[in-house]
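Notes follow the structure.
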Amino acid sequence: MKGATGSAGPPHGAVRPAPDLLTALLDGSAEGIVLCDADGVVTLVNAAAVRLMPGVEPGLPAPAPLGPVPSAPEGRTMIHGGRAIRIRAEAVGDGRLAWYLSDLDAAPRTEFLLEAGRRLSASLNPHRCARAATELAADFLCDMAVVLLPSTARRRMEWVRAVSGRPGAEEGTLPAAEAAEVPGLTDALAGLRHGGTGLHVPRDTGLQDPGGAPEWLLPEGFGPLGHLLVLPLPGNGVPAGAIVLARRAGRPPFCDDDQRMARDLAIRAGAAISAASLFREQSTINAILTGDLLPPDLPEIEGMRVAGRLRASQQAGAIGGDFYDVYLPDAATGDGIVERPPLVILGDVCGKGARAAVLAGQVRHSLRTLLLLESRTDRLLELLNRSLLASPSPHSYVTMILAALRAAPGDHVLVDLAVAGHPPPLVLRRDGTVEEVAARGSILGALKQISLWPVTLDLAPGEVCLLYSDGITEAFGGPSGREMFGEERLKAALATCAGMPVEALVERLEQLSTEWLGGAPATGLQDDRALLAVRAGRQG
């Protein structure tokens, strides 16, 4: 703001604003403000007024459009410096006039920016963002727009093209070498905005010589090219691509306002495409992790049935810190590979989310390797504990149950159980009795020496050994929403499942746990929940 205020003093009791504050307030207005004295000399002007009416300055006579007589209350519209401006004036005392200037040309730009924000933020797909950018440009700025995305490892570039008045957008790929034929495109893809060299175009504007454009750039029937503007799409650290805007011969060239709008579009499109590309990359990584860490399809094992359920917490998404797996014996032994029975595991790693899921994956892969050389469940846990202690990741704590399954005469199953810091398994006998297995042991990853008390369990046909995570028993919910499910409630629920197929048993328990959580406040703080059950004998 230039000049100084000349108004009367503030009302009694009011505090006169400091000059700097008053300047900031007036300069923050999008409406131009010009204050003239009784002689028509400018005494105050804010930044918006200077931008709309260059030359207006305190101490100088007001420009011709700002006369000495107040305008009509609704003001009037005029063209000044090529801009449409609505002006109105109000008397403010002592013969002074305050003129208010509104930029009518800003309305289409505002509409354009609002539409650009709406359409570019509507998708997290890079191609859809590129399509939206070309369609916006074709609607508001040019006759044809092309977005080119950075070249792939195979030196090909994806492109999206929209033409004003034609429905839809075209897409395709082309060799990066052909893309380089577009004037200024190589610089734009590098994040630079240059005009053509040796041509009658300003430098550093993005305006290019239309005569240098290759034929493939324009769609069939487009006609002679008149004007070309090539701009980078700024991305997150690296360019997200480039946009080419073309107008037919006979149309006006890109003026300063057009170029400003094009740059605004390029900035927003680059940010949208960059964010969408990052989202796609992260989604791909998550899909790879998820595919490796989700519980496997449980195999059929002769003489027994195995069933499991895993529900990751809402915080963890599709993958969490609970996991289970089944390791079948190797098809052939020899070369130092030990013979062993089928092994089922259920574990819970410290923490939640992707980090916990990665640790769970490390544990599963480590165990798969150790099984080549060791079959004893207690010894496997000791070796796994040493592996976790050597891990560079802090807080690699794991609780786990290993259960080696051996078929025994009379359709019995002997289960060699080793427990490390995990809730002990439960056994459902044929008469509905539920027993807690006495196996105990130290958590893994915390101590150099762990203590283990393994047991061997004998399951008669129809009897079930249930492994579960503490997310089941420590789930808070119920009628009050604040009560823990607890071990006794789990035992009681298991007792009602006598005689059930093992798949139905775990489904029933998982359903009861979910219903219990239904009474909890929607805090999203519930833990992962895992169930794994082994039933001896043929399915009854």
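These values consider heavy atoms only, across backbone and side chains, with no hydrogens, waters or symmetry-generated copies. Numbering of residues begins at 1 and proceeds along the displayed sequence. As the structure is a computational prediction, the values presented were derived from the model and not from experiment.
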(message) Looking at every non-hydrogen atom in both residues, tell me the closest pair between Met53 and Pro63 and how far apart they are.
(response) SD-CG, 4.0 Å
(message) Checking the side chain of Arg155 only, and the main-chain atoms of Ala177 only, is there a donor and an acceptor separated by less than 3.5 Å?
(response) no
(request) Check for a donor-acceptor pair, side chain of Arg529 on one end and backbone N or O of Tyr468 on the other, with a separation under 3.5 Å. (result) no
(message) We want to know whether Ser277 and Glu281 form a side-chain donor-acceptor pair, criterion being a heavy-atom distance below 3.5 angstrom.
(response) no
(request) Could I get the full list of side chain to side chain contact (heavy atoms under 4.5 Å, CB included) partners for Ser283, not counting sequence neighbours? (result) Phe279
(message) Do Glu31 and Ser102 have side chains that approach each other closer than 4.5 Å (heavy atoms only, starting at C-beta)?
(response) yes
(message) Show every ring-ring contact (aromatic ring centres under 6.0 Å, His included) that has at least one partner inside residues 140-159, sequence neighbours left out.
(response) Phe112-Phe140
(request) Please report the shortest heavy-atom distance between Leu218 and Gly223, naming the atom on each side. (result) CD1-O, 4.1 Å
(message) Do Glu115 and Asp139 have side chains that approach each other closer than 4.5 Å (heavy atoms only, starting at C-beta)?
(response) no
(message) Strictly distance-based, threshold 3.5 Å: is any side-chain N or O of Trp516 a donor or acceptor partner for the main-chain N or O of Ile472?
(response) no
(request) Check whether any side-chain heavy atom of Ser513 sits under 4.5 Å from a side-chain heavy atom of Arg309, and report yes or no. (result) no
(request) Nearest 0.5 Å please: distance from the NE2 atom of His127 over to the SG atom of Cys129. (result) 10.5 Å
(request) Using a strict cut-off of less than 4.0 Å between a Lys/Arg side-chain nitrogen and an Asp/Glu carboxylate oxygen, indicate whether Glu158 and Arg156 qualify as a salt bridge. (result) no
(message) If you compare all heavy atoms of Phe323 against all heavy atoms of Ile345, which two are closest, and at what distance to 0.1 Å?
(response) CE1-CD1, 3.8 Å
(request) Identify the heavy atoms of Ala133 and Ala269 that sit nearest to each other, and give their distance. (result) CB-CB, 3.7 Å
(message) A side-chain contact here means heavy atoms from C-beta on lying under 4.5 Å apart; do Leu60 and Val42 qualify?
(response) no
(request) Kindly say whether Ser387 contributes a backbone atom to a donor-acceptor pair with the side chain of Ser391 at under 3.5 angstrom? (result) no
(request) Evaluate the criterion salt bridge (Lys or Arg N to Asp or Glu O under 4.0 Å) for residue pair Arg368 and Asp325; output intermediate values, then yes/no. (result) CA-CA 10 Å; Arg368 191 179 299 277; Asp325 209 339; 3.5 Å; yes
(message) Within this structure, what is the OG1-CG distance for the pair Thr173 and Leu148, rounded to the nearest 0.5 Å?
(response) 11.0 Å
(message) Is there a side-chain contact (heavy atoms from CB on, under 4.5 Å) between Asp258 and Cys255? Walk through the geometry before answering.
(response) CA-CA 5 Å; Asp258 295 336; Cys255 66; 3.3 Å; yes
(request) Supply the atom-to-atom distance Ile273 CD1 to Arg128 CZ, rounded to the nearest 0.5 angstrom. (result) 14.0 Å
(request) Kindly indicate whether the side chain of Leu97, heavy atoms from C-beta on, has any atom under 4.5 Å from the side chain of Leu66. (result) no
(message) So does Met144 get a backbone contact from the side chain of Arg161, meaning a donor-acceptor N/O pair under 3.5 Å?
(response) no
(request) Mind listing the closest non-hydrogen atom pair of Leu298 and Tyr324 along with its distance? (result) CD2-CE1, 3.9 Å
(request) May I ask you to test the Pro183-Leu228 pair for a side-chain heavy-atom distance under 4.5 Å? (result) yes
(message) Treating Ser274 as the side-chain partner and Asn236 as the backbone partner, does any N or O pair qualify as donor plus acceptor under 3.5 Å?
(response) yes
(message) Could you check whether any side-chain N or O of Thr134 sits under 3.5 Å from a backbone N or O of Val147, counting only pairs where one atom can act as donor and the other as acceptor?
(response) no
(request) Please answer whether the main-chain N or O of Gly117 pairs with a side-chain N or O of Arg268 as donor and acceptor at a distance below 3.5 Å. (result) no
(message) Less than 4.5 Å apart, side chain to side chain, heavy atoms only: is that true for Pro214 and Val182?
(response) yes
(message) Is there a side-chain contact between Leu120 and Leu136 in this structure, where contact means two heavy atoms from C-beta onward sitting under 4.5 Å apart?
(response) yes
(message) Can you tell me how far apart CZ (Phe254) and CG (Leu141) are? Round to the nearest 0.5 Å.
(response) 7.0 Å
(message) Please report the interatomic distance CD(Gln208) to CG(Asp187), rounded to the nearest 0.5 Å.
(response) 8.0 Å
(request) Please assess Leu231 against Arg263 for the test side-chain contact (heavy atoms from CB on, under 4.5 Å), listing each intermediate value before the final yes or no. (result) CA-CA 7 Å; Leu231 296 172; Arg263 287 196 293 272; 4.2 Å; yes
(message) Working to the nearest 0.5 angstrom, can you tell me the gap between Leu217 CG and Leu225 CG?
(response) 7.5 Å
(message) Please determine whether side-chain contact (heavy atoms from CB on, under 4.5 Å) holds for the pair Thr369 and His365, giving the CA-CA distance in whole Å, both sets of side-chain angles, and the decisive distance to 0.1 Å.
(response) CA-CA 6 Å; Thr369 302; His365 288 304; 5.6 Å; no
(message) Please check: side-chain N/O of Asp37 versus main-chain N/O of Asp39, any donor-acceptor pairing under 3.5 Å?
(response) yes
(request) Establish, from distance only, whether the side-chain atoms of Asp322 and Ser469 form a donor-acceptor pair under 3.5 Å. (result) yes
(message) Testing the basics here: between Ile33 and Asn46, what is the closest heavy-atom pair and its distance to 0.1 Å?
(response) N-OD1, 2.9 Å
(message) Whether the side chain of Asp264 engages the backbone of Met261 through a donor-acceptor N/O pair (distance < 3.5 Å, no angle test) should be reported.
(response) no
